[in-house]
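Following: one structure in structure tokens, then a few remarks.
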2 protein chains.
Amino acid sequence: MKASEQRRVTVKDVAEAAGVGVATVSRVLTGTGSASAATRERVLAAAARLDYRPSALGRNLRRRHTGGIGLLVPDITDTFYARLADGVLACAKSAGEPVILGTTGDDPEREAELIGSLLEESVERVIAVPCGDGEMWGPAFRAGLGVVFAEREVPGRNLPSVRADDRAGVRTAVEYLAGLGHRRIALLARHGQEQRVRAFREALAELGVPVDEELIVLARGTRDSAYAAAAGLLQRRPDVTAVLAGGNMLGEATVLAARELVIRIPRDVSLVMFDDVPWAELCSPPLTVISQPAHDIGYRAAELVLRERGRPRTVTLPTELIVRASCGPRR
Amino acid sequence: MKASEQRRVTVKDVAEAAGVGVATVSRVLTGTGSASAATRERVLAAAARLDYRPSALGRNLRRRHTGGIGLLVPDITDTFYARLADGVLACAKSAGEPVILGTTGDDPEREAELIGSLLEESVERVIAVPCGDGEMWGPAFRAGLGVVFAEREVPGRNLPSVRADDRAGVRTAVEYLAGLGHRRIALLARHGQEQRVRAFREALAELGVPVDEELIVLARGTRDSAYAAAAGLLQRRPDVTAVLAGGNMLGEATVLAARELVIRIPRDVSLVMFDDVPWAELCSPPLTVISQPAHDIGYRAAELVLRERGRPRTVTLPTELIVRASCGPRR
DNA sequence: ATCCATGATGGAATCGTTTCCATGAAGGCG
DNA sequence: CGCCTTCATGGAAACGATTCCATCATGGAT
């Protein structure tokens, strides 16, 4: 008692039913070329009657590329990237394009694999939060792939990208903390956030605060790595009075590590976290954050990759300091 | 100075380079059929030399279906679904399959659209958190689609699904609250969580607590809707002493609404939240939760849809009560 | 009345792969 | 030595759409 195999309705069936040639059917359905009103109507009626849905397979082969957008993020579990993905999906939806999601785990090798796999599928539009250097994107460009980078850019080349204004965000946070009297400010960042590290150094320099390299610590994109980085920093340097966390996972890790070490926020150390997330307000204490328009980043990136093929553009979106209760004066 | 269009390397090129026919190349590369060792080597060498990557387009058309897995979730921004998606991605990665992500927003119409679009792409495997009734899945089955439902099931038909043990989870939570002396326990649930509502009724009945229909309130899947539901409940019925939130967004909304209304947790009302999320521990107070294996649900669903085509199976994964500090004795 | 431009139309080629089938060679067995 | 099986191999068909091109009809302009 197996399900009866159902043959797919093809353009040929529609042509036959409408008494015209396949070329005419295609022309009517795609809206290209000309056809008389009577014919158009007959074709449309036949297509509707047979419940015809053109197969993307045939079309793709003929056109030699797949529709749709490839989306590469480090970790979909990180709400920042989830919101970014949501923005991409929102824009893709209005364009009727499917989205192929892949997670790199911030591993350049995995990233290269995913690029290869997208190439194999002949996907021609990709939005990526890059983690490798520019090298691995070579084959992609050579294959004519349209790429827009999000949140980060690859150094060297000048390629379209959509990013939050890291420089301004970091500067605002640092100035805010400095204004509270802090001098030994630490930065917790992910690999790939070199832009923020650079901005951090600059901001300190401008304020005349010497940069202490030991207070800049990098973590990989996992929860464990973030916790290790935060706990390590707090233990190694009990003299830090403020921490700037470069992402919500690092902020979370800092809160956790501080509790574990019985370091009170904000009495013992102040904390500013990059990226506003719903729980920042629920946290004890509510976290002061630099909010980033994650959704918009994704949406704009999708717009760029869909509508502005070829024209390399860089979009920078503003960040905002939201003061809550995780910062106090220097102890 | 435009980039030179690069012609794709095809099986024909490889055949020519290796001095064999296209059929032989295909046989060697796919591992089907027979070929002499010498030929195999020549083909492999030629393919490597030309950096040949078979186009998925041709293969898909010939095979009449696309590889890959369609994944339909209500909202990728909800960490539960993000973790579920992560599980699917993990399994898909090991199988080398791409994942096409779509969000339904718990809207049956949008769900139907997405199904249609997947059908058009000839995707043949789908993992979905269904929101509509069984109706709209009809065309999908008729087209021979392999579907595995996650987190929820559609009523009526007996179809493969992977779910957390809602019944046990709800019962555990209700028994825990009842054990603390609570009698007026409210349930905040999403549409689509009827299973949990049913379990809630049963659990109360078994404990001899009359069910008060006004204490069961349903919300849609947005933050706003969740907040409205929580705030509405708390205002309308100041006599509730405990709330069971059917998901992390509802839990979040409950904490927020309670603060707004100056209702203290757990002194004034106790809260148990479905789904353990990282911030539950960071929250003030730390939230008592029913944890769900979101990642595993996704992973198992992917396993099912990849390896067990046709064999309808239902997998139920255990939940766990994690006691933190959001519940107290009846006031 | 003739000619040309325009529009409608369908046949056939094309995209890149897999797979069916026919062919030829080689080897084992009686 | 001849026959049959097995293996290796390549040509060609198939998948389902789009699109090039040739054909034919129509109608306006000269």
Side-chain angles (χ1 to χ4, degrees), chain A residues 5-44 46-47 50-68 117 119-124 143-144, chain B residues 5-44 46-47 50-68 117 119-124 143-144:
Chain A
E5 277 308 319
Q6 191 119 342
R7 206 177 63 79
R8 192 181 179 104
V9 177
T10 76
V11 66
K12 211 171 160 187
D13 299 317
V14 177
E16 205 164 324
V20 299
V22 290
T24 304
V25 173
S26 178
R27 252 168 310 185
V28 169
L29 261 25
T30 60
T32 61
S34 54
S36 73
T39 312
R40 189 189 322 281
E41 203 153 330
R42 278 222 312 289
V43 169
L44 257 21
L50 297 179
D51 190 28
Y52 169 67
R53 307 197 58 126
S55 157
L57 262 35
R59 184 191 358 250
N60 289 345
L61 179 56
R62 176 65 223 234
R63 296 222 176 121
R64 283 146 82 167
H65 67 81
T66 307
S117 139
L119 245 31
E120 204 162 299
E121 304 271 336
S122 300
V123 171
E124 56 159 13
Chain B
E5 278 306 320
Q6 192 120 341
R7 206 177 61 79
R8 193 182 179 104
V9 178
T10 76
V11 66
K12 211 170 159 187
D13 300 317
V14 177
E16 206 164 321
V20 298
V22 290
T24 305
V25 172
S26 177
R27 250 168 300 169
V28 169
L29 259 26
T30 59
T32 60
S34 54
S36 73
T39 310
R40 189 188 322 279
E41 203 153 330
R42 277 221 313 288
V43 170
L44 258 20
L50 298 179
D51 190 28
Y52 170 66
R53 306 197 58 125
S55 156
L57 262 34
R59 184 191 358 251
N60 289 344
L61 178 56
R62 176 64 223 231
R63 296 223 176 122
R64 285 146 79 166
H65 66 81
T66 306
S117 138
L119 245 32
E120 206 162 296
E121 303 271 335
S122 301
V123 171
E124 57 158 13

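Naming convention: chains lettered A, B, ... in sequence-line order (proteins, then strands); numbering from 1 in each chain.
How far CZ of B:R64 is from CZ of B:R62: 8.5 Å, rounded to the nearest 0.5 Å.
For B:L57, the side chain to side chain contact (heavy atoms under 4.5 Å, CB included) partners at least two apart in sequence or on another chain are A:N60, A:L61, A:T66, A:S122, B:S55. In terms of the salt bridge (Lys or Arg N to Asp or Glu O under 4.0 Å) criterion, A:R63 has no residue partners (sequence neighbours excluded). In terms of the side-chain hydrogen bond (donor to acceptor under 3.5 Å, both in side chains) criterion, residue partners of A:T30 (sequence neighbours excluded) are, by chain and number, A:T32. Evaluation of the side chain to side chain contact (heavy atoms under 4.5 Å, CB included) rule for B:T24 yields B:V20, B:R27, B:V28, B:T39 as partners, not counting sequence neighbours. Judged as a salt bridge (Lys or Arg N to Asp or Glu O under 4.0 Å), and not counting sequence neighbours, the contacts of A:R53 are B:E120. Every residue was checked against the side chain to side chain contact (heavy atoms under 4.5 Å, CB included) condition with B:S117, not counting sequence neighbours, and none meets it.
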Please enumerate all protein N or O atoms sitting under 3.5 Å from an N or O of nucleotides 22-26 of chain D, with distances to 0.1 Å.
none

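One interatomic measurement links the two molecules: CZ of B:R42 to C1' of D:dG10, which rounds to 13 Å at whole-angstrom precision. Here the C1' atom of nucleotide C:dG7 and the CZ atom of A:R40 are 12 Å apart, to the nearest Å. Whole-Å rounding puts the B:E124 CD to D:dC15 C1' distance at 15 Å. Atom-to-atom, CZ of B:R62 to C1' of C:dC15 comes out at 15 Å; the value is rounded to the nearest Å. For the pair A:R53 CZ and D:dA17 P, the interatomic distance rounds to 12 Å; values are reported in whole Å. One interatomic measurement links the two molecules: CZ of A:R27 to C1' of D:dC21, which rounds to 11 Å at whole-angstrom precision. Between the P atom of D:dA17 and the CG atom of A:L57 lies a distance of 9 Å, rounded to the nearest Å. Summarising the geometry, the separation between CG on A:N60 and C1' on D:dA17 is reported as 9 Å, rounded to the nearest angstrom.
Comparing D:dA17, D:dT18, C:dT17 by their nearest atom to the side chain of A:R63 picks out D:dT18.
In plain terms, the two heavy atoms of B:A56 and A:E121 that are nearest each other are CB-CA, 3.9 Å. Between B:A15 and B:V25, the shortest heavy-atom contact is CA-CG2, 3.5 Å. Taking all atoms of both residues into account, the shortest heavy-atom contact from A:V14 to A:A47 is CG1-N, 4.0 Å. Closest non-hydrogen pair, B:L29 versus B:Y52, comes out as CD2-CE2, 3.5 Å.
OP1 or OP2 of C:dT18 lies within a sub-4.0 Å distance of a side-chain N or O belonging to B:R59. Close to C:dT9, at under 4.0 Å from its OP1 or OP2, lies a side-chain N or O of A:T39.
Scanning residues 29-37 of chain B for heavy-atom distances under 4.0 Å to DNA chain D yields B:S34, B:A35, B:S36. Residues of residues 9-24 of chain A having a heavy atom closer than 4.0 Å to DNA chain C, listed by number: A:G19, A:V20, A:G21, A:V22, A:A23, A:T24.
In the helix from C:dA1-D:dT30 to C:dG30-D:dC1, the terminal helix axes, each the rotation mapping four pairs' C1' atoms onto the next four within five end pairs, subtend 50°, rounded to 10°.
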